[in-house]
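None of these values were measured; they are calculated from a predicted model. Atom set for the values below is all heavy atoms of this structure, side chains included, hydrogens, waters and symmetry mates excluded.
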Amino acid sequence: MTSTSSRPDADIHALLSAFSACGATAGGGITRLAASPEDGQARDLMRDCLERLGAEIRIDRVGNLFGLVPLARNPHAPLVMLGSHLDSQTRAGRLDGTYGVAAAILAAAALVREAGAGRPFSANLCVVNWTGEEGARFRPSLLGSGVYAGRSSADAALALRDEAGISLGEALAAIGYAGTDAPPPMPACYLELHVEQGTVLEASGAVIGAVTRNWGAAKLDAVFSGAQAHTGPTPMERRRDALLGAAYAIAELRALADRFPGRLHTSVGRIRVAPNSANVVPERVEIAAELRSADDALLAEATALAEAAFEAAAARAGVTVSVPTRALRGIRALPATVSDLVAACAEAEGLACRRLDTVAGHDALSLLDRCPTGLIFVPSLGGIAHNEAEATAPRDLEAGLAVLTRAARRLCRAAGAPEIALRGESA
């Protein structure tokens with residue numbers, strides 16, 4: 001018989017280590033792109049853990065993996081959902097997303113033990129792994145949770161293609177996660193535990209973050225079009241260099257952030273150059289630009305200024321520019337009752353809690369306006385994220401799990417209603 005200590009789900013550290021083996025990199029991080037073989041291995045591990053808890057496994061059309069864990073006597077009781085995502089960026093840290101899934105599995109295990117010991121519950125639990133949160137292989141980000149929340153269609157998601165031309169549907173089929181199950185109903189409450197990916201908690205000395213609002217994000221795909229030419233004999237004044245236009249635009253986008261220090265974040269993280277040869281003046285360049293702010297008016301102003309800067313950059317380089325894709329994630333408040341519940345659970349655990357914004361996007365944001373939704377943060381050392389050096393102190397990982405478990409317990413004893421769960425442990 002396998003000893004408890006050798007099981008991958010023995011504790012949060014053992015389970016994270018087991019997940020980290022799926023797509024491990026030489027630098028101590030992971031590369032686990034959505035619907036890759038490595039993602040399939042991590043999904044299999046999650047599924048094994050959930051099946052040991054007696055969970056009903058459901059895989060919907062876009063590969064979202066749900067484990068329905070019975071706690072209440074009534075199988076149709078309200079549902080409390082916990083989870084995050086297992087996919088990662090390239091050469092990413094081992095905690096982003098994965099920590100939330102691992103903690104959800106262990107919180108579910110704790111409540112299953114309590115139910116087996118006779119503790120009554122009035123809600124059932126669901127653990128979820130959302131497909132394609134990162135947007136690293138299939139764009140846009142928050143893909144699976146967006147489909148579940150009805151913000152986009154499954155057909156459109158399955159038709160998305162990566163850089164190699166492989167569709168999401170084909171990739172999911174290749175790893176055995178092209179599902180046909182109906183997803184669970186919308187939960188009475190959704191909770192997601194995540195590393196902060198910032199420095200607010202670390203600087204304040206707080207261990208738990210109760211997220212109250214998200215920053216807005218504007219995402220623009222810009223295409224600069226010039227003329228292909230030989231880099232040797234073509235006179236400089238006759239060149240129509242699409243990459244030069246994109247370079248001017250990238251510099252202007254950074255300068256725009258510098259005009260609003262601390263209030264606006266800008267970036268270009270993806271560039272596609274055609275024909276991408278050292279001897280050819282680029283004819284076409286695509287860039288993926290982002291602007292983020294906690295001020296709606298500033299975000300709108302900065303987005304308009306960015307588009308004007310793209311036009312000016314194109315004119316300066318003698319090329320043209322278009323913006324075929326625009327997407328806006330608005331600034332929204334998370335329900336106060338849920339963040340209050342998180343803070344109350346942190347206090348009950350003797351942990352310092354701070355209310356804060358999330359600058360990064362998370363699957364929880366997809367479910368806003370669909371159900372009461374909460375985000376719980378733990379500190380990130382140095383604020384490092386999307387990097388192999390990402391880390392959180394072991395005691396803080398344990399603290400986050402404790403708060404998640406306590407909040408889930410209270411919710412599952414309150415029919416999933418955060419306002420009832422907030423009243424006390426005996427709700």
Has the side chain of Glu196 got a donor or acceptor atom that lies under 3.5 Å from a matching backbone atom of Gly209? no
Flag side-chain contact, heavy atom, 4.5 Å: Leu422 against Pro418: no
Short side-chain to backbone donor-acceptor contact, His230 and Gly232, under 3.5 Å: yes
Taken to the nearest 0.5 Å, the spacing of Gln228 CD from Thr234 OG1 works out to 10.0 Å
Check the pair Asp155, Arg61 against side-chain contact (heavy atoms from CB on, under 4.5 Å), reporting the backbone distance first and the verdict last. CA-CA 9 Å; Asp155 287 339; Arg61 289 187 62 205; 2.6 Å; yes
Parallel, tilted or perpendicular: which one describes the rings of Tyr148 and Phe66, with boundaries at 30° and 60°? tilted
Under 3.5 Å, is there a donor-acceptor pair between the side chain of Asn214 and the main chain of Arg332? yes
Polar side-chain atom of Arg151 near backbone of Ser366 as donor-acceptor pair, under 3.5 Å: yes
Distance only, no hydrogens: is a donor on one side chain within 3.5 Å (strictly under) of an acceptor on the other, for Glu398 and His13? yes
For Arg91, is the CZ atom crowded, meaning more than 12 foreign heavy atoms sit under 6.0 Å from it? no
Looking at CG of Leu328 and CG of Asp296, how far apart are the two atoms once the value is rounded to the nearest 0.5 Å? 8.0 Å
For Arg32, does its backbone N or O pair with a side-chain atom of Ser88 as donor and acceptor, under 3.5 Å? yes
Is there a side-chain contact between Val80 and Pro187, using heavy atoms and a 4.5 Å cut-off? no
Is Glu51 atom CD crowded by more than 12 heavy atoms from other residues, nucleotides or ligands, each under 6.0 Å away? yes
Heavy-atom side-chain contact between Leu334 and Thr212 under 4.5 Å: no
For Ala218 and Thr303, which heavy atoms make the closest approach, and how far apart are they? CB-OG1, 3.4 Å
Atom CZ of Arg270 with >12 non-hydrogen neighbours under 6.0 angstrom: yes
Stepwise side-chain contact (heavy atoms from CB on, under 4.5 Å) check, Arg161 with Ser167: CA-CA 4 Å; Arg161 295 188 179 275; Ser167 72; 3.8 Å; yes
Passing option when Tyr177 is tested against Thr131, Asp44, Asp39, Asp60 for side-chain hydrogen bond (donor to acceptor under 3.5 Å, both in side chains): Asp44
Given side chains that start at C-beta, do those of Cys49 and Leu15 come closer than 4.5 Å, heavy atoms only? yes
Short side-chain to backbone donor-acceptor contact, Tyr99 and Leu16, under 3.5 Å: no
Hey, are the side chains of Asp162 and Leu33 touching, using non-hydrogen atoms and a 4.5 Å cut-off? no
Are any side-chain N or O atoms of Thr392 and backbone N or O atoms of Pro379, one a donor and one an acceptor, separated by less than 3.5 Å? yes
Output for pair (Ile30 CD1, Cys22 SG), nearest 0.5 Å, gives 9.0 Å
Looking at Ala107 and Leu82, what are the two nearest heavy atoms and their distance? CB-CD1, 4.0 Å
For the pair Asp96 and His194, evaluate side-chain hydrogen bond (donor to acceptor under 3.5 Å, both in side chains) and give the outcome as yes or no after the intermediate values. CA-CA 7 Å; Asp96 180 358; His194 210 280; 3.0 Å; yes
Non-hydrogen atoms of Gly226 and Val319 that approach each other most closely: CA-CG1, 3.8 Å
In Å and rounded to the nearest 0.5 Å, what is the OG to CZ distance from Ser17 to Arg94? 5.0 Å
Any donor-acceptor pair under 3.5 Å from Asp295 side chain to Ala297 backbone: yes
Evaluate the side-chain contact (heavy atoms from CB on, under 4.5 Å) criterion for residues Arg329 and Leu142: first the C-alpha distance (whole Å), next the side-chain angles of each, then the deciding distance (0.1 Å), finally the verdict. CA-CA 11 Å; Arg329 182 167 64 235; Leu142 311 186; 3.9 Å; yes
Answer yes or no: are there more than 12 heavy-atom neighbours, outside Arg316 itself, under 6.0 Å from its atom CZ? no
Using side-chain heavy atoms (C-beta onward) and a distance below 4.5 Å, is Lys219 in contact with Arg139? no
First locate atom CG of Leu172, then atom CD1 of Ile166, and finally report the distance between them rounded to the nearest 0.5 Å. 11.5 Å
Do Asn129 and His85 come within less than 4.5 Å of each other through their side chains, counting heavy atoms only? yes
If you compare all heavy atoms of Ser293 against all heavy atoms of Leu298, which two are closest, and at what distance to 0.1 Å? OG-CD2, 3.7 Å
Check Leu79 against Pro184 and note the closest heavy-atom contact, atom names and distance. CD2-CB, 3.8 Å
Find out whether Val378 and Leu193 are in side-chain contact, i.e. whether some heavy atom of one side chain is under 4.5 Å from a heavy atom of the other. yes
Is a salt bridge present between Arg259 and Glu301, judged by a nitrogen-to-oxygen distance below 4.0 Å? no
Find the distance between CG (Asp258) and CG (Leu253) and round it off to the nearest 0.5 Å. 10.5 Å
Using side-chain contact (heavy atoms from CB on, under 4.5 Å), reason through Phe377 and Gln197 one step at a time and then give a plain yes or no. CA-CA 9 Å; Phe377 280 172; Gln197 301 180 301; over 6 Å; no
Heavy atoms of Leu264 and Ala302 approach each other most closely as CD2-CB, 3.7 Å
Under 3.5 Å: donor-acceptor pair, side chain of Ser204, backbone of Ala206: yes
Decide salt bridge (Lys or Arg N to Asp or Glu O under 4.0 Å) for Arg52 and Asp48; before the verdict, give the C-alpha distance in whole Å, the side-chain angles of both, and the deciding distance to 0.1 Å. CA-CA 6 Å; Arg52 281 198 293 270; Asp48 289 345; 5.6 Å; no
Test item: Thr25 side-chain N/O and Gly29 main-chain N/O as donor-acceptor pair under 3.5 Å: yes
